[in-house]
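We use all heavy atoms of the structure for the numbers below, so side chains are in, but hydrogens, waters and symmetry mates are not. Note that the structure is predicted; figures quoted are calculated from it, not measured.
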Amino acid sequence: MKYYLLVVCLLLISPNLFSQDKNLNDFIKKYASQQDFNGTVLVQKGSGPLLYHQSFGIAERAFNTPITNQTIYQVCSITKTFTAVLVLQLVENGKINLNKKITDYLPNYKGEAGTKVSIHQLLNHTSGMKNIDTAKDSNFMKYGIGFFHTPYTLDEIVTKFCSDPLVNEPGTKFDYNNGEYMILGRILEELYKMSYEQILNQQILVPLGMNNSGLLSHYKLIKNLATPYYRNATQSIIPNLPIFVEDFSASGAMYSSTADLIKFNNALFDYKLIKKETLDQLLTPGLDEYGYSVWIRGGKGPDVKYKRMERYGRIMGANAAWFHYLNSNVTVIILSNTNFTDLGDFARKIGQFIF
């Protein structure tokens with residue numbers, strides 16, 4: 001009798017499940033087609049089975065190589081959340097105080113910010129430091145992308161480009177600046193007495209089995225890495241400009257896959273990397289709704305059910321979006337090798353469709 005009831009329940013429930021999956025599949029497929037999306041989409045509820053995991057488009061246009069779910073991408077500024085977690089791990093261990101200043105951990109730092117800017121202000125982009133990100137989409141095709149055409153160590157980058165005078169009073173203005181996370185990377189190196197790459201591997205990538213993730217380098221040949229393509233104002237499609245992407249280091253030099261990033265997401269929100277109260281700090285919005293490495297959007301009025309963590313990454317054609325809907329525990333990860341599609345809009349509409 002119990003077996004009979006179970007079968008009946010499954011017959012009643014399963015068509016709805018299949019219908020929901022089919023509808024989500026149709027919605028994403030239609031959006032991808034209409035918006036010229038190239039990349040991989042992953043959707044998960046909680047830490048359970050994936051609701052969706054599919055890929056579209058071409059990874060290497062010279063050879064017409066298709067993108068698959070195993071394709072690896074530059075994830076750009078998603079790297080910042082890995083850096084923030086590494087810093088907060090040391091906060092939990094009493095090795096870093098969020099209120100202490102740069103020179104408390106980098107005594108040789110010569111910039112004006114050294115004795116004035118706290119770790120907290122580096123994490124939430126309110127340091128008041130001069131922004132090192134001078135290249136914009138509208139001009140990098142003509143003038144290049146800043147100092148990234150020359151290889152530097154992280155120490156050299158902090159010394160040469162992240163030590164200018166302050167332009168704002170620390171803590172008073174949000175200004176998204178890769179330089180702040182490069183300084184955090186140097187602090188990690190100083191405290192661990194090893195390279196940022198070694199720290200990242202030791203503390204996160206190896207323990208989580210993120211075997212298809214790491215730091216990009218011109219000295220590495222990374223299997224299944226998609227070539228990024230940029231569409232300029234004349235609608236020409238070109239591969240990324242030649243730069244030393246490893247210069248982005250702790251602020252944006254990582255590569256990964258959707259399957260690896262969901263491991264990081266699940267470990268983070270299951271409190272396996274940092275404690276709940278520490279994660280709450282990371283997710284507490286300040287200026288520009290920005291916490292530590294992520295934006296916290298929604299949560300007010302009719303948008304309350306869509307409260308979410310948003311993290312983007314973009315370097316020319318490389319493009320990434322990672323959303324975690326905080327009230328429903330739904331995660332959307334979208335990785336792309338083009339700038340053709342607004343990934344933020346895509347992730348928001350997937351979340352709204354599911355709810």
Side-chain angles (χ1 to χ4, degrees), residues 28 39-55 59 67-90 92 181 188 196-216 220 222-226 250-276 278-280 282-283 291-294 308-313 318-326 328-337 343 346-347 350-351 354:
I28 293 175
T40 303
V41 179
L42 182 150
V43 184
Q44 184 183 52
K45 169 73 172 178
S47 299
L50 300 182
L51 298 178
Y52 185 90
H53 195 198
Q54 295 293 332
S55 298
I67 290 172
T68 71
N69 288 356
Q70 288 71 49
T71 296
I72 293 169
Y73 302 84
Q74 291 179 223
V75 297
C76 312
S77 284
I78 286 178
T79 308
K80 289 183 175 67
T81 303
F82 286 81
T83 300
V85 168
L86 290 170
V87 169
L88 291 172
Q89 286 178 340
L90 291 183
E92 289 185 346
Y181 274 75
L188 289 168
Y196 176 81
E197 182 173 27
Q198 290 172 315
I199 300 164
L200 180 66
N201 284 325
Q202 174 183 287
Q203 295 298 116
I204 299 179
L205 302 187
V206 171
L208 296 185
M210 295 179 65
N211 300 320
N212 293 308
S213 302
L215 285 191
L216 292 157
K220 295 178 183 176
I222 299 166
K223 186 178 180 180
N224 294 327
L225 180 65
S251 71
M254 281 187 67
Y255 65 87
S256 192
S257 65
T258 48
D260 266 13
L261 285 181
I262 198 63
K263 292 178 183 178
F264 178 64
N265 174 90
N266 293 346
L268 182 63
F269 286 97
D270 289 342
Y271 317 122
K272 294 178 180 178
L273 292 171
I274 52 178
K275 299 174 184 176
K276 181 184 184 303
T278 309
L279 178 60
D280 289 343
L282 185 146
L283 296 173
Y292 291 163
S293 81
V294 296
R308 61 200 178 271
M309 179 207 80
E310 298 181 2
R311 177 64 262 180
Y312 303 93
N319 205 357
W322 166 31
F323 280 29
H324 184 83
Y325 287 85
L326 297 165
S328 59
N329 203 16
V330 168
T331 302
V332 180
I333 297 172
I334 308 176
L335 302 182
S336 176
N337 65 329
L343 300 192
F346 199 0
I350 289 172
I354 291 172

When you measure from the side chain of Tyr181 to the backbone of Ser293, do you find a donor-acceptor pair of N or O atoms at a distance under 3.5 Å?
yes
Report the relative orientation of the aromatic rings in Trp322 and Phe269; use parallel for angles under 30°, tilted for 30 to 60°, perpendicular for over 60°.
perpendicular
Determine whether a donor-acceptor pair (N or O, by modelled atom type, separation under 3.5 Å) exists between the side chain of Lys263 and the backbone of Gly209.
yes
Do other residues, nucleotides or ligands put more than 12 heavy atoms under 6.0 Å from Lys45 NZ?
yes
Passing candidate, side-chain hydrogen bond (donor to acceptor under 3.5 Å, both in side chains) with Gln44, options Asn266, Asn265, Asn329, Thr258
Asn266
Ring centres under 6.0 angstrom apart (Tyr312, Phe323):
yes
Using the side-chain hydrogen bond (donor to acceptor under 3.5 Å, both in side chains) rule, take Lys275 and Thr278 through it: C-alpha gap first, then chi angles, then the decisive distance, then the call.
CA-CA 5 Å; Lys275 299 174 184 176; Thr278 309; over 6 Å; no
Main-chain N/O of Asp260 paired to Ser257 side chain as donor or acceptor, under 3.5 Å
yes
Verify, without hydrogens or angle tests, whether Glu197 (side chain) and Asn201 (backbone) share a donor-acceptor contact under 3.5 angstrom.
no
Verify side chain to side chain contact (heavy atoms under 4.5 Å, CB included) between Tyr196 and Thr83, making sure each step is shown before the conclusion.
CA-CA 9 Å; Tyr196 176 81; Thr83 300; 2.6 Å; yes
With distance as the sole test, does Lys220 use its side chain to make a donor-acceptor pair with the main-chain N or O of Leu215 at under 3.5 Å?
yes
Looking at every non-hydrogen atom in both residues, tell me the closest pair between Phe264 and Leu208 and how far apart they are.
CA-CD1, 3.9 Å
Determine whether a donor-acceptor pair (N or O, by modelled atom type, separation under 3.5 Å) exists between the side chain of Ser213 and the backbone of Ser256.
no
So, the side chain of Asn69 versus the backbone of His53: is there a donor-acceptor pair under 3.5 Å, distance only?
yes
